[in-house]
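Each remark here refers to the structure printed beneath this line.
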Amino acid sequence: MDPVNLFDMEALAKQTMPHNMWTFVDAASNDEITKRRNRESFERILVNARFLADVTARDISTTVLGEKIDFPVMIAPTGGQRQAHHEGERATATGAGRAGTLYTLPTSSGYSIEEVAEVATGPLWFQLYHQDDEVTEILVKRAKQAGYKAICLTVDTPVGSPKERDVRNLYMAQPGLHWGSLRDRPDLINRRNVGVPDLADWAPPDYVGLTWDRLDWLRDLTGLPLIVKGIRTVDDAIQCAEYGVDGIVVSNHGGRQLDGTPSSIETLAPIAEAVGDRLEIYLDSGVRRGLDVLKALCLGARAVLVGRPLYWGLAYGGADGVEHMLNILKVEFDRALAYVGCRTTDELHPGIVDIPDTNWWPRGG
Ligand SMILES: Cc1cc2nc3c(=O)[nH]c(=O)nc-3n(C[C@H](O)[C@H](O)[C@H](O)COP(=O)(O)O)c2cc1C
């Protein structure tokens, strides 16, 4: 029987993926407190159903930085997708396009920027881990040339954060699964300190990321819109607005970087209140249900992204599996929208949701 929801897909993926690869996808940092909290927080939010509105003609499409997507769920950038299916990023991009949404290609992809663009039918963003200026310049210019619509700079990895489950498994990233865009430039790959345990979500010990004052340099390389991914606080969100960033992803990286931070959904409402009129806000970390999408949109997100579920879809059936995963979320979200008496995503507002336990969740809005 086909999986009915994303948790079914997760269970199937756990059965079918090789143990170390499953663990690489599933793991989070240290005690995995933030990863659990991402789910718990969504579950605590209550939704107020409203009836007797005419909700027959619903339109769940939206735009992200001017690009139309059929529903407000996109694919997050995640490294090494070929571990779940040999077609990897090409399959995920194909599935996303068929479902009518956007795919974010990670720096750490098995297929190259161009190989993914060839098969994609939906809009693409390119996620950047900045390593050094030359590599960044090469990658973002190629992304622009290949038709990617924005650069999504991940900022929440100032140093690597090995997952303890991966360390126990002696898990090592396989070069063929992670460095497709630099396949013919081994000299550039070698700058990455191979020899140190090369765990995915990579950042070498001497990683020097970008700083605020260099965002203009990055933007000027392509002129493409700039999205900053990994924002967790109001202060950093305000800095992004002041530096003219076009969009932010409120994200704790699925709990994979610093453990003990709040869930993404907890931080969303105050961030949206501070900067929602100055840039576009997206959210990821823990989205598993169409109802979660609705909650995030009510609290100020324009769209959400999913990370681990793309591997579950890939393991289930490559591009078809990713499409199926997204279609489940699409149907669930559409149904949820009808139940709160709305016809479009623009009609969603904070009053539709309740956050009951304000002691546990002091900043929830
Ligand atoms: C296996 C794995 C690899 C990831 N690799 C990257 C990456 O290369 N770049 C990045 O910005 N985020 C990466 N992420 C984080 C995702 O983009 C996203 O923030 C996170 O998965 C969202 O949480 P979710 O898995 O609960 O949906 C990765 C996540 C996973 C699970």
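For the single chain, residues carry numbers from 1 onward in sequence order. Every number for a ligand or one of its atoms is a count from 1 in the order of the listing.
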Start with the C-alpha distance between Asp2 and Tyr316, add both sets of side-chain angles, then the distance that settles side chain to side chain donor-acceptor pair (under 3.5 Å), and finish with yes or no.
CA-CA 9 Å; Asp2 280 346; Tyr316 177 61; 2.5 Å; yes
Between Glu118 and Arg90, is the closest basic N to carboxylate O distance under 4.0 Å?
yes
Below 4.0 angstrom from a heavy atom of Phe24, which ligand 1 atoms are there? Numbered from 1 as shown, please.
1 (C)
Using a heavy-atom cut-off of under 4.0 Å, does the side chain or the backbone of Thr78 touch ligand 1, or both, or neither?
both
Please say whether Tyr311 places an N or O atom under 3.5 Å from an N or O atom belonging to ligand 1.
no
Pick one of side chain, backbone, both or neither for how Lys35 approaches ligand 1, counting any non-hydrogen atom pair under 4.0 Å.
neither
Give the ring-plane orientation class for Tyr171 versus Phe24, where under 30° counts as parallel, over 60° as perpendicular and anything between as tilted.
parallel
Checking heavy-atom distances from atom 25 (O) of ligand 1 to each of Arg256, Arg308, Gln257, the winner is Arg308
Could you pull out, from Ala28, Ala27, Pro77, the option with a heavy atom nearest to atom 16 (C) of ligand 1?
Pro77
Using heavy-atom distances, let me know which of Asp284, Asn252, Leu305, Thr107 sits nearest atom 18 (C) of ligand 1.
Asp284
When you measure from the heavy atoms of Val287 to every atom of ligand 1, does any distance fall below 4.0 Å?
no
With heavy atoms of Ser251 as the reference, note each atom of ligand 1 found under 4.0 Å away.
19 (O)
Check each atom of ligand 1 against the heavy atoms of Val25 and keep those under 4.0 Å away; list them by number with element.
1 (C), 31 (C)
Where does Arg288 meet ligand 1, judged by heavy-atom distances below 4.0 Å: at the side chain, the backbone, both, or neither?
side chain
Check whether any side-chain heavy atom of Thr104 sits under 4.5 Å from a side-chain heavy atom of Lys229, and report yes or no.
no
Where ligand 1 meets His253 - atom numbers and elements under 4.0 angstrom, heavy-atom basis
6 (C), 10 (C), 12 (N), 13 (C), 14 (N), 15 (C), 19 (O), 20 (C)
Taking NZ, NE, NH1 and NH2 as the nitrogens, is one of them in Asp246 or Arg219 under 4.0 Å from a carboxylate oxygen of the other?
yes
